[in-house]
Amino acid sequence: MEGNSSNYFVRTRGRKSSSSLKKYWNVISNGLFLFGLRNRLEQIGININPYYWVEEEFAPCMEPRIKNDTSKYTLKDLSLKEVELVIEHHSAKDKAKLIKGFKNGQLCVGLENNGEIASFMFVEFNDFEHRGRAFKLKPNEAYLFNMWTFQNYRGKNLAPYLRYQTYRMLEKKGIDVKYSITQYFNKSSIKFKNKLNSKNHYLFLSVGLFNIFKWNFTLKKYS
């Protein structure tokens with residue numbers, strides 16, 4: 001019995017070690033290690049943030065498929081009350097910023113499933129700043145940001161689907177150029193935007209120390 005138990009323990013421990021190694025490898029290969037390290041440095045006041053300025057759907061793309069019946073999801077503009085509910089998980093500082101932006105003309109677009117918001121995203125139409133760099137938008141341009149999918153709906157490919165449906169909604173408003181920012185280390189975001197035929201225009205770098213000193217650099221301009 002002892003021999004069998006020992007062998008079982010070795011096999012189990014081996015499986016756990018293998019599983020742990022696979023988990024860490026997935027974190028590293030998906031760029032999440034450096035992404036997480038950057039976030040940790042930010043918590044102590046050191047902000048090193050390389051990011052892409054991206055034009056989404058630079059060329060027309062196909063409608064993404066989701067792992068569910070599309071008829072169950074409805075695209076809708078969220079009201080202020082609904083916005084306050086869906087951003088409840090954000091920090092107090094971020095919530096105040098989002099509410100202020102919404103009151104100044106931003107849209108919050110969501111996918112609703114049986115009366116429940118599954119995923120949402122904000123859309124900016126006015127000029128704005130990101131980490132000290134100013135961005136100007138033309139009347140036919142919009143900036144997409146702060147996308148979130150709730151836990152129960154993750155893994156269903158809702159992010160690109162919501163993005164695509166928002167493109168079509170914006171077209172009806174005369175907006176045919178859509179921009180966003182993608183963190184350099186966030187490979188999952190890069191991957192889903194590539195599926196939507198997005199194009200990087202610039203690679204920027206912002207550096208901040210303790211919210212006092214800020215620098216902005218253009219690392220690369222893409223043709």
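Minimum heavy-atom separation, Ile175 to Pro139: CG1-O, 3.9 Å. Arg131 and Ser206 get closest at one heavy-atom pair: CD-OG, 3.4 Å. Nearest heavy atoms, Ile117 versus Lys76: CD1-CD, 4.2 Å. Taking every heavy atom of both residues into account, Asn157 and Pro64 meet most closely at ND2-CB, 4.0 Å. The nearest pair of heavy atoms linking Ser189 to Thr182 is OG-CG2, 3.7 Å.
Listed for the Asn126 side chain is a donor-acceptor partner under 3.5 Å among the backbone atoms of Asn104. No donor-acceptor pair closer than 3.5 Å links the side chain of Asn146 to the backbone N or O of Phe122. Using modelled atom types, one side-chain atom of Thr166 and one backbone atom of Leu162 make a donor-acceptor pair closer than 3.5 Å. In this structure a side-chain-to-backbone donor-acceptor pair under 3.5 Å is missing from Gln183 to Phe185.
Using a 4.5 Å heavy-atom threshold, the side chains of Glu141 and Phe135 count as separate. With a 4.5 Å cut-off on side-chain heavy atoms, Asn197 and Phe58 do not count as touching. Here the side chains of His201 and Val54 are not in contact, with every heavy-atom distance at 4.5 Å or above. Between Leu78 and Val86 the shortest side-chain heavy-atom distance falls below 4.5 Å. Residues Ile190 and Asn194 have side chains in contact (heavy-atom distance under 4.5 Å, counting atoms from C-beta outward). Contact of the Leu137 side chain with the Phe125 side chain is not registered, since no non-hydrogen atoms from C-beta on lie closer than 4.5 Å. In this structure, Val109 and Leu75 have side chains that are in contact, with non-hydrogen atoms separated by less than 4.5 Å. Here the side chains of Lys220 and Tyr202 are not in contact, with every heavy-atom distance at 4.5 Å or above.
Arg168 forms a cation-pi arrangement with Tyr164, by the criterion of a distance under 6.0 Å to the ring centre and an angle within 45° of the ring axis. The cationic group of Lys199 does not satisfy the cation-pi geometry with Tyr222, failing either the under 6.0 Å distance to the six-membered ring centre or the 45° limit from the ring axis. Geometric assessment of Arg154 against the ring of Trp148 yields a positive cation-pi assignment under the 6.0 Å and 45° thresholds. The cationic atom of Arg133 (NZ for Lys, CZ for Arg) lies less than 6.0 Å from the six-membered ring centre of Phe204 and within 45° of the ring axis.
Between Tyr51 and Tyr184, the distance from one ring center to the other does not fall under 6.0 angstrom. Checked against the 6.0 Å centroid threshold, Tyr179 and Tyr143 do not count as a close aromatic pair.
In the hydrophobic clustering of this structure, Leu219 does not group with Ile181; members are Ile, Leu, Val, Met, Phe, Trp, Tyr whose side-chain heavy atoms approach within less than 4.5 Å, directly or through other members. No continuous path of ILVMFWY side-chain contacts below 4.5 Å connects Phe150 to Leu85, so the two sit in separate hydrophobic clusters.
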Show your reasoning for whether side chain to side chain contact (heavy atoms under 4.5 Å, CB included) applies to Leu196 and Tyr167. CA-CA 10 Å; Leu196 296 167; Tyr167 299 161; 3.5 Å; yes

For Leu111 and Phe120, what are the C-alpha separation, side-chain angles and deciding distance, and is it a side chain to side chain contact (heavy atoms under 4.5 Å, CB included)? CA-CA 6 Å; Leu111 281 178; Phe120 68 89; over 6 Å; no

May I have the step-by-step check of side chain to side chain contact (heavy atoms under 4.5 Å, CB included) for Asp94 and Ile87, ending in yes or no? CA-CA 9 Å; Asp94 287 342; Ile87 65 171; over 6 Å; no

Phe128 vs Phe145, test: side chain to side chain contact (heavy atoms under 4.5 Å, CB included). Steps then yes/no. CA-CA 12 Å; Phe128 68 97; Phe145 70 106; over 6 Å; no

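To the nearest 0.5 Å, atom CE of residue Met62 and atom NZ of residue Lys195 are 14.5 Å apart. From Leu144, atom CG reaches atom CG of Leu170 across 6.5 Å, with rounding to the nearest 0.5 Å. Within the model, atoms OG of Ser180 and OH of Tyr52 stand 12.5 Å from one another, a figure rounded to the nearest 0.5 Å. The CD atom of Gln106 lies 7.0 Å from the CG atom of Leu98; values are rounded to the nearest 0.5 Å. With values rounded to the nearest 0.5 angstrom, Lys138 atom NZ is found 12.0 Å from Asp127 atom CG. Between atom NZ of residue Lys136 and atom CD of residue Glu129 there is a gap of 9.5 Å, rounded to the nearest 0.5 Å.
A donor and an acceptor atom, one from each side chain of Tyr153 and Glu116, are located under 3.5 Å apart.
By the 4.0 Å N-to-carboxylate-O rule, Glu84 lies too far from Lys95 to be salt-bridged with it. Note on Lys178 versus Glu57: salt bridge recorded, some NZ/NE/NH1/NH2 to OD/OE distance being below 4.0 Å.
More than 12 heavy-atom neighbours from other residues, nucleotides or ligands sit within 6.0 angstrom of CZ on Phe217.
A search for side chain to side chain donor-acceptor pair (under 3.5 Å) contacts involving Thr70 returns nothing, not counting sequence neighbours.
Sorted by first and then second residue, the salt bridge (Lys or Arg N to Asp or Glu O under 4.0 Å) pairs involving residues 201-214 (not counting sequence neighbours) form an empty list.
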